[in-house]
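For reference, the structure discussed in these notes is given below.
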Amino acid sequence: MDYNFREIEPRWRKYWAEHKTYRATEDPSRPKYYVLDMFPYPSGAGLHVGHPLGYIASDIYARYMRHRGYNVLHPMGYDAYGLPAEQYAIQTGTHPALTTARNIERYREQLDKLGFSYDWDREVQTCDPAYYQWTQWTFIRLFHSWYDTSLDKARPLEELEAIFRVSGAQGARAFHTCVWDFTAADWNGLNENGRQELLMHFRLAYLADTWVNWCPALGTVLANDEVKDGFSERGGHPVERKRMKQWSLRITAYAQRLLDGLDRIDWSDSIKEMQRNWIGRSEGATVMFSIEGHEEKIEVFTTRPDTLFGATFMVLAPEHELVARITAPEQREEVERYASWARNRSERERMAEVKQVSGVFTGAYGINPLNGEALPVWIADYVLAGYGTGAIMAVPGHDSRDFSFARHFGLPIRQVVVAPGDQPTDPAGWEDSYDSKEGKMVNSGMLDGMDVKAAIRATIEYLEDRQLGTGRVNYRLRDAIFSRQRYWGEPFPVYYKDGMPYTLPEDQLPLELPPVDKYLPTESGDPPLARAKNWHTPEGYPLETNTMPGFAGSSGYYLRYMDPRNTQAYFSPEANAYWRNVDLYIGGDEHATGHLLYSRFWNKFLYDLGLVCEDEPFRKLINQGKIQGRSSFVYRISGTNTFVSRNLRNDHETQALHVDINMVHNDELDLEAFRQWRPEFSTAGFILEDGKYLCGYEVEKMSKSKHNVQSPDELVERYGADTLRLYEMFLGPLTDHKPWDTNGIEGVFRFMKKLWRLFHDEAGFSVADGDPTEAELKVLHKTIKKVSEDIERFSFNTVVSTLMICVNELGDLRCRKRTILEPLVVLLSPYAPHIAEELWQKLGHSSSVTGAVFPTYDEALLQEASFEYPVSFNGKLRFKLNLPVDMPVPAIEEAVRTAPQAGKWLEGLSIRKIIVVPGKIINVVVS
RNA sequence: GCCCGGAUGGUGGAAUGGUAGACACGAGGGACUUAAAAUCCCUUGGCCUCGCGGCUGUGUGGGUUCGAGUCCCACUCCGGGUACCA
């Protein structure tokens with residue numbers, strides 16, 4: 001009786017759907033476990049074999065935890081807002097909601113075929129008003145919150161206003177961007193608009209003029225993580241810097257907590273490192289420099305206050321607000337020319353010309369607060385307006401950028417740090433600056449002789465005592481720009497009154513996305529929502545026309561899964577108290593500095609509000625590796641229609657052409673299929689080797705144009721979902737990137753057939769009762785042990801190998817015993833759930849294998865009476881010696897000494913030592 | 001430039017200081033079959049050898065250790081992140 005997956009698999013998928021086998025309900029009597037996949041953006045291309053890799057892994061773990069008695073939450077949904085559907089809408093006029101719904105349907109069909117144990121009753125779609133109502137709601141809460149740096153948490157804005165009424169800006173330690181140190185009287189004297197304007201500097205969601213990444217081709221701004229090398233991550237269009245009024249989230253208030261939280265979560269070091277670098281904490285000091293002949297002061301941030309005596313000039317960013325005020329009349333023309341050149345340069349030009357030194361002297365001089373020295377003030381684009389204070393003190397002796405600037409413009413270089421063991425030298429002869437923090441101070445007044453670290457502390461203390469500066473921590477992290485000039489996103493629950501933004505009352509949510517006649521900006525350059533009819537409140541106030549970015553809907557979706565149909569709240573406190581946070585999160589590492597950072601911020605904010613009970617959303621994170629394509633090539637002899645086989649191609653001048661991988665099996669080209677592929681190949685000639693045409697191959701990204709896309713559907717059709725699931729795991733470690741190669745799937749399919757034959761003979765199902773032999777028990781328990789250990793370290797590829805070995809060995813033993821085969825079915829069920837259900841039922845069970853208890857192994861059954869010791873001489877394996885496992889070490893040594901095979905290796909040598917590791921190895925040291 | 005990974009047969013990979021190459025794919029040989037499919041058996045890192053067996057071997061060069069693919073140092077190459085971040 002043959003293994004017929006085509007009959008088995010659909011039947012069990014129907015059973016699971018009908019019986020709601022994987023529905024999760026809160027049950028305080030059982031421990032919870034929350035397994036989550038990063039939900040997909042449903043693209044028009046559908047799934048390729050790379051997508052389900054992580055889904056299969058998480059599904060295996062979810063099923064495993066169910067067998068272990070956990071109440072498992074394993075939901076799935078769709079990150080449904082996104083640019084491709086909108087670009088398609090612009091081209092065709094089709095509403096993105098239609099395209100998205102169609103794509104979701106296709107995704108669902110594909111996902112369903114793979115036998116995942118999702119609780120589909122909890123599905124969410126970010127573009128569904130019932131979902132984005134809570135995205136909008138969270139935005140409103142952010143808008144009405146401020147960050148208290150003394151309590152280190154977000155608080156309601158009313159509380160801040162109450163403080164302002166009584167004690168002004170001094171009354172609160174608030175994270176803000178307000179330059180005015182106003183009093184209570186100032187505050188109380190302000191009108192409504194004045195107060196709103198001031199509060200904008202404190203809100204966690206705020207509207208402000210900021211430098212943004214503007215992408216003209218997409219017609220929208222982008223967040224920093226959506227830009228790669230000066231191009232948009234989606235679409236690869238050029239990005240410019242532009243100053244625009246935009247919504248932002250004050251994620252910078254959470255910089256330190258986002259950094260600290262990393263130490264408490266189980267994520268890969270590489271992702272944590274990426275987040276640490278992105279947050280970019282640096283410790284140093286701000287120092288105030290007065291300016292000769294001006295009232296203003298230049299504030300500088302430096303991580304090396306110890307080198308203050310080595311400063312020989314200062315540099316402002318070209319956009320720095322003081323530039324216009326301090327520039328000397330004779331330098332004005334040149335400075336303005338440089339500033340406007342720098343401003344108009346695209347981000348890409350600037351990045352491409354990083355090594356080119358440029359700058360202009362302003363004619364002004366800053367005063368070194370330590371020694372009163374006058375330092376010429378320059379502007380240069382190597383100083384960035386957005387980092388620190390946008391101004392630096394230049395220490396060319398100990399900073400390589402300042403060094404090359406000084407060399408280029410002939411500015412003085414002074415040594416203030418000497419490397420350990422070295423003597424001071426003349427910087428004129430240096431090839432580079434000495435940037436290391438190892439060394440002793442020289443030419444630095446009261447700092448002389450101190451080592452760098454002590455000098456940093458001493459300088460900060462000195463500056464603080466005299467109110468010339470303060471110690472300060474600076475972060476590279478920028479606030480997240482939260483508005484997009486696009487149609488297909490969440491509308492902001494915001495209207496404008498006297499030019500000031502106000503949020504809609506919560507009972508008016510969701511504010512639904514309105515229909516528009518076109519998905520393009522208006523003639524006046526306003527976003528598409530400006531085309532909507534009646535886009536205003538009932539009172540006639542205009543509504544916001546920007547929409548939210550892609551990460552808005554994905555930042556809190558894991559919370560909504562806990563209570564997805566709640567119409568009164570984001571989620572109930574009870575549901576959150578039970579499911580708490582995600583225990584295992586699997587997804588791609590491309591979200592390291594985007595989604596994974598925004599989600600942590602979102603969660604911490606809701607934690608501050610007391611809405612969620614855990615301050616980190618994802619306890620354990622695993623990044624599955626990418627599956628790369630394996631492209632096949634044919635070699636056409638130049639100028640002909642003749643193709644030469646791989647190993648003969650060097651005899652000719654050839655061009656390599658991608659061929660569809662479906663026409664290639666084990667690198668052999670199906671000539672007939674190739675001739676029919678395209679008309680121009682119908683008359684193609686071939687030069688064969690050994691009667692075959694062998695294709696070349698290369699590992700590349702999976703893409704349509706390379707003809708190397710493998711869809712899971714074809715493989716499910718041919719081998720079944722269980723085989724595909726096993727094979728994707730068998731390919732290699734989950735976290736590794738690896739090329740897709742269909743060749744190996746036959747081996748897994750053979751395994752499935754062998755497994756089937758353990759339970760069946762020609763006539764049909766055939767399993768015997770009766771006591772198992774010692775050998776059979778040993779095979780089973782050895783397998784249980786290895787499978788359990790490997791699954792706990794997410795080593796799914798070795799689990800599949802172990803199951804193969806088990807089936808091979810039971811086959812050799814002709815074992816058909818129920819007591820052996822039944823636990824095997826449970827071991828297998830997380831990986832190949834359909835066949836497991838089928839066999840489980842045939843074994844006489846009336847309920848799903850999902851509820852079966854995961855088997856445990858008995859150590860006693862694994863004990864061997866003897867062990868075949870590998871015996872090495874000076875580390876080289878020479879022979880094996882079978883000895884009882886309980887033989888004491890001295891007896892083993894004696895056995896080795898007297899073993900007949902040993903004589904050959906001892907001839908003319910004496911034994912210095914015998915190392916015995918019981919149960920492992922024997923090593924004889926001779927000389 | 002800086003930070004983080006990685007390098008093992010023809011291929012994917014296994015081996016958490018203790019028998020390198022498990023498990024598969026591919027390849028070669030054989031059995032069964034009218035034939036094919038399916039299935040089963042044998043061989044398969046390299047070199048020397050009829051064989052027994054030996055030598056060699058985890059990117060390169062050193063080191064630690066009775067013993068290193070695994071730990072340490074230096075380097076090469078590949079992949080990813082980031083980049084005038086003061």
Side-chain angles (χ1 to χ4, degrees), chain A residues 2 228-229 268-278 280-282 284 300-304 307 315 317 350-351 353-357 380-384 386-395 398-402 404-405 435 474-478 589-590 592-593 625-626 628 630 666-667 697 727 730-733 735-748 750-751 753-754 757 786 789 793 795 797-806 808 811 868-880 904 912-917 919-926:
Chain A
D2 287 339
K228 291 263 164 348
D229 301 324
S268 74
D269 289 336
S270 68
I271 292 270
K272 287 194 200 180
E273 240 353 80
M274 271 192 239
Q275 291 211 346
R276 284 191 191 105
N277 292 339
W278 192 261
R281 179 190 157 103
S282 58
V300 152
F301 175 72
T302 175
T303 56
R304 294 296 301 275
T307 61
V315 186
R350 203 183 59 79
M351 285 196 296
E353 293 161 15
V354 155
K355 290 285 165 278
Q356 286 181 28
V357 178
D381 68 349
Y382 85 91
V383 174
L384 304 178
Y387 183 78
T389 60
I392 61 152
M393 61 172 203
V395 184
H398 306 285
D399 180 288
S400 60
R401 296 152 303 178
D402 297 345
S404 53
F405 193 84
D435 295 5
N474 203 46
Y475 300 91
R476 199 189 75 117
L477 184 69
R478 299 275 78 93
D589 59 5
E590 65 272 24
T593 51
K626 275 192 204 56
Q628 296 140 322
R630 187 183 189 274
N666 289 327
D667 290 344
Y697 66 89
Y727 184 55
F730 188 63
L731 273 179
T735 52
D736 285 9
H737 300 277
K738 47 209 167 248
W740 178 259
D741 185 350
T742 314
N743 295 340
I745 200 169
E746 293 283 350
V748 174
R750 269 173 221 152
F751 160 72
K753 289 188 283 193
K754 275 191 228 173
R757 283 198 302 271
K786 176 95 174 121
E789 285 169 359
R793 57 190 182 105
S795 176
N797 56 327
T798 53
V799 170
V800 179
S801 305
T802 304
L803 292 170
M804 285 176 170
I805 294 169
C806 177
N808 287 346
E868 192 169 52
Y869 278 94
V871 181
S872 304
F873 287 78
N874 287 344
K876 282 190 209 275
L877 177 69
R878 294 307 180 188
F879 59 88
K880 307 231 174 120
K904 176 177 172 189
R912 300 181 64 87
K913 204 197 233 178
I914 298 179
I915 312 273
V916 177
V917 184
K920 287 271 190 205
I921 198 168
I922 297 164
N923 189 18
V924 184
V925 187
V926 293

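Numbered from 1 within each chain, the chains take letters A, B, ... in sequence-line order.
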Please write out each protein N/O paired with an N/O of nucleotides 77-81 of chain B under 3.5 Å, distance rounded to 0.1 Å.
none

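Among the nucleotides B/U82, B/A86, B/A15, the one closest to the side chain of A/R476 is B/U82. Taking every side-chain heavy atom of A/N808 into account, B/C23 is the closest of B/A20, B/C23, B/C85. Among the nucleotides B/A22, B/C84, B/A15, the one closest to the side chain of A/R793 is B/A15.
Within the nucleic acid shown, A/I805 comes within 4.0 Å of sugar-phosphate atoms alone, with no base atom in reach, counting heavy atoms only. Across all strands shown, A/R630 has no heavy atoms under 4.0 Å from either base or sugar-phosphate atoms. At the heavy-atom level, A/D2 lies nowhere under 4.0 Å from the strands shown. Among the heavy atoms of the strands, none lies under 4.0 Å from A/V748. Residue-level contact check: A/E789 touches neither bases nor backbone, having no heavy atom under 4.0 Å from any strand. Within 4.0 Å of A/S404, counting heavy atoms only, lies no atom of the nucleic acid at all.
We find that A/E789 and A/K786 are not joined by a salt bridge, their nearest charged nitrogen and carboxylate oxygen being 4.0 Å or further apart.
B/A20 sits 14 Å from B/U70 when the P atoms are compared, rounded to a whole Å. Nucleotides B/A14 and B/C25 have their C1' atoms positioned 15 Å apart, rounded to a whole Å. Between the C1' atoms of B/G10 and B/G46, the separation comes to 13 Å (whole Å).
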Where protein sits on nucleotides 35-46 of chain B, one letter per nucleotide: B base, S sugar-phosphate only, - none, heavy atoms under 4.0 Å: ---SSS------
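OP1 or OP2 of B/U19 has not a single side-chain nitrogen or oxygen of A/N923 nearer than 4.0 Å. Look at A/T798 and you won't find any side-chain N or O under 4.0 angstrom from OP1 or OP2 of B/C23. Note on A/K876: every side-chain N or O is 4.0 Å or more away from OP1 and OP2 of B/C55.
Spacing between atom OH of A/Y727 and atom P of B/U11 amounts to 15 Å, rounded to whole angstrom units.
Applying the 90° criterion around 0 to the glycosidic angle, B/G9 comes out syn.
For A/Y475 and A/W278, the distance between ring centers is not under 6.0 angstrom.
Remark: B/G9 base-pairs with no nucleotide in the shown strands. Criterion, Watson-Crick or G-U wobble with two distances under 3.5 Å.
Figure legend: A/R878 and A/F873 shown without cation-pi pairing, the cationic atom not lying both under 6.0 angstrom from the six-membered ring centre and within 45 degrees of its axis.
The base of B/U19 sits within donor-acceptor range of the side chain of A/K880, with an N or O pair under 3.5 Å.
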